[in-house]
Amino acid sequence: MIIYGSLVSPFVRKLLAYLGEKGIEFELKGVGIGDPDPGFRAASPLGKMPAMDDDGFMLADSSAIIQYLEAKHPAPELIPADPQERGQVIWWEEFGDTVFAACSGKMFFNRIVAPKFLGREGDLAAAALAESEELPKLLDYLESAIPASGFLVGDRLTLADLAVASPLMNFKHCGSVVDAATHPKVAAWSAAILARPSFAPWVAKEERMMAKVLA
Ligand SMILES: N[C@@H](CCC(=O)N[C@@H](CS)C(=O)NCC(=O)O)C(=O)O
């Protein structure tokens, strides 16, 4: 199976961690924004990452790919069968993808992707507004919602933890790290999730890459 994407995308990172937790073998083919790679273009109609080619079956969108893989490889269960837990996991994935990643995207795209990868100026005012107005409220919500179990849903790892922890790397690349004094539960939970073997090697590789980009 081929996964197309870049390590710095929150959606690609979520998928890579999911694949690691599942123990599914794959090859990562690195592509950037607007990449003309024909395999990537064939798998991703809108040119967005991640995309997948599973022995000729092509699919784009991290959530679509994960739903496909969860049906194909049910164990270990990362999207629970229990109705309430499943609803909660989908809520958190939605929060991670469309709210948390959108906020991190305003900062990461305008401060890093636009100037460093696309050779143009980013909207620094939009990035500053996301950091000062949106991010604190999202972290406050997360702080209030992390259960004592240390996992967002139930007492075990689910897709919810992977989806919400992933964008935190993009905040980090922008110099915005979770403050353990103001958000102790978010700091402890995210450190534990990002240190899992499914995330850690990708995070280390990505940090080396970003150190070069930002040097
Ligand atoms: N909902 C999609 C979002 C994918 C997405 O927006 N990826 C970004 C990178 S983080 C992208 O490829 N952007 C390029 C573009 O919009 O042309 C998913 O979960 O995969």
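Atoms within each ligand, like the ligands themselves, are counted from 1 in listed order.
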Minimum-distance protein heavy atom relative to atom 2 (C) of ligand 1: Asp61 OD2, 3.3 Å
Atom 10 (S) of ligand 1: the protein heavy-atom neighbour that sits closest, reported with distance to 0.1 Å: Ser9 OG, 3.2 Å
Atoms in ligand 1 with a heavy atom of Pro50 nearer than 4.0 Å: 20 (O)
Within-cut-off N or O pair, Ile33 and ligand 1, under 3.5 Å: no
Validation row, ring centre Tyr68 to ring centre Phe57 under 6.0 Å: yes
Spacing of CZ belonging to Phe199 relative to CD belonging to Glu21, to within rounding of 0.5 Å: 8.0 Å
Protein heavy atom at shortest distance from atom 15 (C) of ligand 1: Lys48 CG, 3.9 Å
Top protein contact for atom 20 (O) of ligand 1, by heavy-atom distance: Ser62 N, 2.8 Å
For atom 4 (C) of ligand 1, closest protein heavy-atom neighbour: Met49 O, 3.2 Å
Lys172 atom NZ, over 12 foreign heavy atoms within 6.0 Å: no
Residues Glu133, Lys106: salt bridge by 4.0 Å N-O rule: no
Under-4.0 Å salt bridge between Asp54 and Lys72: yes
Nearest-0.5 Å distance, CZ of residue Arg86 to OG1 of residue Thr158: 12.0 Å
